[in-house]
Every structure is written in structure tokens, then in C-alpha cells.
Number of protein chains: 2
Amino acid sequence: MPPSSRQRRPTQPRAKATVRAIVEAGFISLSRHGVEGTTTRHIAEIAGVSVGSLYEYFANKEEIFDAMHQHVVGEVVEMVQPRIPELVRMEIRPLVAELLYRFRDLLERDDGRYLRYMSYAAYFAPRNQLEPINRLLMNLLVQYVMHHPDLTRLGNLPAMGFIMINGGIFTVIRHLTDPHPTVAFDDLVRGLGDMVGYFVEGELGKRS
Amino acid sequence: MPPSSRQRRPTQPRAKATVRAIVEAGFISLSRHGVEGTTTRHIAEIAGVSVGSLYEYFANKEEIFDAMHQHVVGEVVEMVQPRIPELVRMEIRPLVAELLYRFRDLLERDDGRYLRYMSYAAYFAPRNQLEPINRLLMNLLVQYVMHHPDLTRLGNLPAMGFIMINGGIFTVIRHLTDPHPTVAFDDLVRGLGDMVGYFVEGELGKRS
DNA sequence: TCATTTGTTCGGATTCAATTCGGATATGCC
DNA sequence: GGCATATCCGAATTGAATCCGAACAAATGA
């Protein structure tokens with residue numbers, strides 16, 4: 001047996017509810033007290049369980065954050081994945097706008113619970129745990145290109161994808177987190193759309 | 001007297017050396033043990049002082065990280081600031097490349113000491129402590145536009161600046177931190193240059 | 001139904017890092 | 001040299017994370 005398997009997998013409904021309550025309590029505590037202020041006591045108290053119970057399903061506090069992370073990532077994937085077929089048929093700028101507005105809505109749900117989390121764990125979590133989102137968006141990008149044959153002439157797709165995806169995610173989180181933003185979100189969205197749009201147009205017009 | 005002024009300001013040379021050693025030890029410990037693994041004992045040990053000494057000049061561990069942050073930010077500003085007059089005369093793509101390569105060199109100095117810090121910085125810096133760098137680059141942008149009068153026709157400069165600066169910084173850090181990058185740094189640089197270049201060209205050509 | 005086994009919860013006991021504090025040592029100044 | 005002040009030290013304190021064994025609840029099967 002693996003050494004770190006003192007943890008249990010919740011089987012009974014009651015246990016599943018406990019796990020859910022703990023993860024949710026994590027988000028709530030994070031919103032209320034920030035990262036440093038989030039103690040196991042707080043989480044347990046908010047979840048309405050005892051501290052000991054946390055360790056029944058999570059090896060340590062870190063794993064609770066991991067579970068929160070997976071939850072957020074899951075929500076994002078769930079939001080985009082099923083809409084890919086529809087998204088690949090859109091024009092570039094509306095597509096960018098659609099993704100960004102939906103992303104914002106998700107992050108601001110429940111009083112910015114997810115945003116609060118993101119702004120801490122942000123991206124540079126030691127392991128790159130945003131990987132699923134990256135893969136998802138890279139996948140969307142590839143499918144988009146396949147649906148717009150002219151775009152196959154674009155060079156250096158992986159690099160451009162990397163830039164647009166990472167740059168986009170960070171910029172939005174950074175903006176939403178800013179307590180006194182100097183630019184409006186709408187302008188940001190338009191700017192990012194133009195960025196991508198002009199790039200494509202510029203790159204395609206290069207040799208014609 | 002301010003309430004939080006149990007701290008001393010180092011006056012004697014010995015004390016200044018101690019403070020320097022502590023901050024440097026912070027970077028070293030961070031590289032060796034990661035954030036979680038960096039304890040006050042480690043820092044004190046690496047710095048060759050006692051734990052008690054840390055608290056002579058820093059209110060808590062957090063402040064040591066703050067000092068590290070200021071150090072990195074200071075290095076970046078120091079690197080760019082004096083070269084602004086020269087930078088504003090460059091073409092866009094070489095300018096972007098120049099900035100990014102210098103930024104990379106800085107981050108990779110001393111076995112990636114600063115990079116290691118930066119990759120955690122999001123977590124540490126709930127308040128926007130990259131602000132000086134943002135201001136610096138925004139300033140560079142404004143001066144750049146003033147030296148290239150056609151560019152004054154660009155709309156929405158603040159938003160575009162926000163995107164390019166934040167997107168650029170994050171993308172580079174993200175790339176340098178990636179243990180198995182799928183794109184080469186050179187491609188990334190070229191991509192970011194094109195992104196900015198095409199945007200400007202596209203925006204200027206819009207109505208002409 | 002009840003006995004037994006297995007899953008779940010509890011909260012005090014333990015461990016370990018952050019921070020404090022009073023005393024020891026070094027430095028600068030006269 | 002001797003005084004005042006700056007600096008440093010490290011054991012003691014505090015509080016959070018984690019562990020653990022006992023209590024409780026649910027499922028099983030006769």
C-alpha cells in the first residue's frame with residue numbers, strides 16, 4: 001500500500017457531504033480571512049465538522065487547497081468544453097469576448113469566491129495545475145484553426161497559443177483582482193480581442 | 001512612535017551586512033527548500049546569524065519576503081530606467097526583444113534565484129507589489145509614443161499597455177518556470193514582438 | 001431484530017515553526 | 001579605559017498543523 005494512504009475515500013453519502021463541506025469551507029475561509037488567516041480550525045468550524053475530520057480525507061491543509069483548485073479548474077473546463085463546436089464557428093473578436101466574459105462571470109460567482117482563490121494560488125503554484133485549462137484552450141485553438149482553413153498558414157501556432165492563453169488568463173485575473181482598476185473590463189476585452197485579431201490579420205497579410 | 005517600530009534601522013556597518021545576509025539567505029533558502037520549506041531557522045542558519053537577529057530588523061518572516069521583493073523590483077527598475085532614452089528610439093520588435101532578453105537574464109542570474117522568487121511572488125504579494133515595474137513600463141510606453149508621433153493615433157493606450165505589460169511579464173515568468181517548455185524562448189520573444197507589432201500596424205492602418 | 005464489522009467523527013495530545021524577551025557581547029565615542 | 005548604545009543570541013512561549021485512539025453511525029447478514 002502507498003505510504004500516504006492513511007486517507008479514506010468517502011463512500012457513504014454523509015462522508016461525501018463532509019468532503020464537499022470542507023472544500024466549500026475552504027473557499028469561504030479564504031474569502032473571509034485570506035490565505036494566511038485560513039487555519040484548519042476555521043475551515044473545520046465553517047464546515048461544521050471537527051479538525052480531525054479534515055485529515056480523514058485530506059493528508060494535510062495543502063490537499064484541501066488542491067481540491068479547491070481542481071474544483072475551479074473543473075468548473076472552467078465544464079463551461080468551455082461542451083461549447084467548443086459552437087465556439088469554433090465564431091469570429092475571432094466575438095470569440096475572445098465570449099470566453100473572457102464567461103470567465104469573468106465564473107470567477108465572480110458567489111462573491112468572487114473563485115477569483116479570491118485564483119488571486120492567491122494564481123498561476124505559479126509550484127506544479128502547474130492550470131494545465132488542464134491550458135490543454136483545453138490549446139485544443140480549442142487547434143480546432144478553431146481547422147475550421148478556418150486560411151489560418152493554417154499561421155506560423156508558430158504553439159508559441160502564439162502559449163502567449164494568448166497565458167497572457168489572457170493572467171491579465172484578466174490581474175485586472176479583476178485590482179481594487180482600483182485604471183481601465184474598464186470592456187476595454188480590456190476589446191484590447192485582447194484586437195491583439196489576437198490584428199495578429200492574425202497581420203500574419204496572413206504578410207505575403208499576400 | 002509608530003506601533004510597529006520595535007524594529008531597528010541598521011546603522012552600523014555590521015548591522016547592514018547582517019540585513020543584507022538575511023535577505024540573500026532568503027533567496028537561497030527559497031531556491032533550496034521552496035516557500036513552505038523556508039523556515040526562520042533556515043534563513044538564520046544560511047545567513048549565519050541567530051533567529052533572534054531576524055526580528056531585530058524585520059517584524060516577521062513576511063517582511064523578509066517583502067525586502068526580497070523590493071530587491072528584485074529594484075534590480076528591474078535599475079536595469080530599465082537609465083536606458084529609457086535609448087530604448088525609445090528603437091523599432092518595436094527589437095525593443096520588445098531587448099526588454100525580454102534582459103528580463104530573462106536578470107531572472108536567471110545566480111541560478112535563477114530571482115526567478116524562483118518570482119514564481120512564488122503571486123502568492124506572497126496579495127497587494128500589488130509589482131506596481132513600480134508597471135509604472136516604469138507604462139512610463140516607457142508613454143515616452144515611446146511621444147517619440148513616434150504616428151503612434152499618438154493609437155486608441156486605448158492604457159488598456160493596451162496593461163495587456164502588454166502584464167501579459168508579457170506573466171508569460172515570460174510562466175515560460176521560464178516551466179520545467180518542460182513546449183516552445184523555445186526565442187519563439188516566445190518573437191511572438192510577443194509580433195503581437196505588439198501587428199497590433200500597432202493594424203490599428204494604424206485601420207482608417208488610412 | 002440484533003450482533004458484528006466497517007465507515008465516520010470527534011477533540012485532546014503532540015509536534016514544530018514563528019515570535020518574544022532578557023541577558024550577553026560588540027561597537028563607537030569621549 | 002569606560003560609558004552608552006547597537007547588535008546579537010538562543011531558550012522560552014505561543015499557536016497552528018497534524019496525529020491518534022476512543023466514541024458514534026451506518027451497513028451487513030444471520
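So that the names make sense, note that chain A is the first sequence line, chain B the second, and so on, each numbered from 1.
Going from atom CD of Glu62(A) over to atom P of dA17(D) covers 12 Å, rounded to whole Å. For the pair Ile64(B) CD1 and dA17(C) P, the interatomic distance rounds to 15 Å; values are reported in whole Å. Rounded to whole angstrom, the span from the CD atom of Glu36(A) across to the C1' atom of dA18(C) amounts to 12 Å. dT7(D) atom C1' lies 15 Å from atom CZ of Arg9(B), rounded to whole Å. A straight line from NE2 of His42(A) to C1' of dA17(D) spans 13 Å, rounded to a whole angstrom. Rounded to whole Å, atom C1' of dA17(C) lies 12 Å from atom CG of Leu54(B). In this structure, the NZ atom of Lys16(B) is 11 Å from the P atom of dG28(C), given to the nearest Å. One interatomic measurement links the two molecules: CZ of Arg41(A) to C1' of dT14(D), which rounds to 12 Å at whole-angstrom precision.
Ring geometry, Tyr117(A) versus His69(A): the interplanar angle exceeds 60°, so the pair is classed perpendicular (tilted spans 30 to 60°).
When the nearest nucleotides of DNA chain C are assigned to Gly52(A) and Arg14(A) by heavy-atom distance, the more 5′-ward of the two goes with Arg14(A). Each of Lys61(A) and Val49(B) was assigned the nucleotide of DNA chain D with the nearest heavy atom; the assignment lying further toward the 5' end belongs to Val49(B).
Between dC8(D), dA27(D), dG11(C), one nucleotide has an atom nearer to the side chain of Gln12(A) than all others, and that is dA27(D). Nearest to the side-chain atoms of Arg8(B) among the listed nucleotides dA11(D), dA18(C), dA6(D) stands dA6(D). Looking at the side chain of Thr39(B), the nearest of the listed nucleotides dT9(C), dT7(D), dA18(C) is dA18(C). Nearest nucleotide to the side chain of Tyr57(B), out of dT18(D), dT19(C), dT7(D): dT7(D). Nearest nucleotide to the side chain of Ala15(B), out of dT7(D), dG12(C), dT20(C): dT7(D). The Ser53(A) side chain lies nearest to dC10(C) when the options are dT18(D), dC10(C), dT20(C).
Of the listed residues (Arg109(B), Glu108(B), His71(B)), just one forms a side chain to side chain donor-acceptor pair (under 3.5 Å) with Tyr114(B), and that residue is His71(B).
Inspection of the Thr177(A) and Ser119(A) side chains reveals no N or O donor paired with an N or O acceptor under 3.5 Å.
Using a 4.0 Å heavy-atom cutoff across all strands shown, Thr11(B) reaches sugar-phosphate atoms only and no base atom. Residue Thr40(B) is in base contact, counting any heavy-atom pair closer than 4.0 Å across all strands shown. Across all strands shown, Phe58(A) has no heavy atoms under 4.0 Å from either base or sugar-phosphate atoms.
Ion pairing between a basic and an acidic side chain is recognised when a charged N comes within 4.0 Å of a carboxylate O; Arg32(B) and Glu45(B) show no such pairing.
Under 4.0 angstrom from either OP1 or OP2 of dT18(D) there lies at least one side-chain N or O belonging to Tyr55(A).
Remark: Arg20(B) is not positioned above the aromatic ring of Tyr57(B), lacking an NZ or CZ atom under 6.0 angstrom from the ring centre and at most 45 degrees off the axis.
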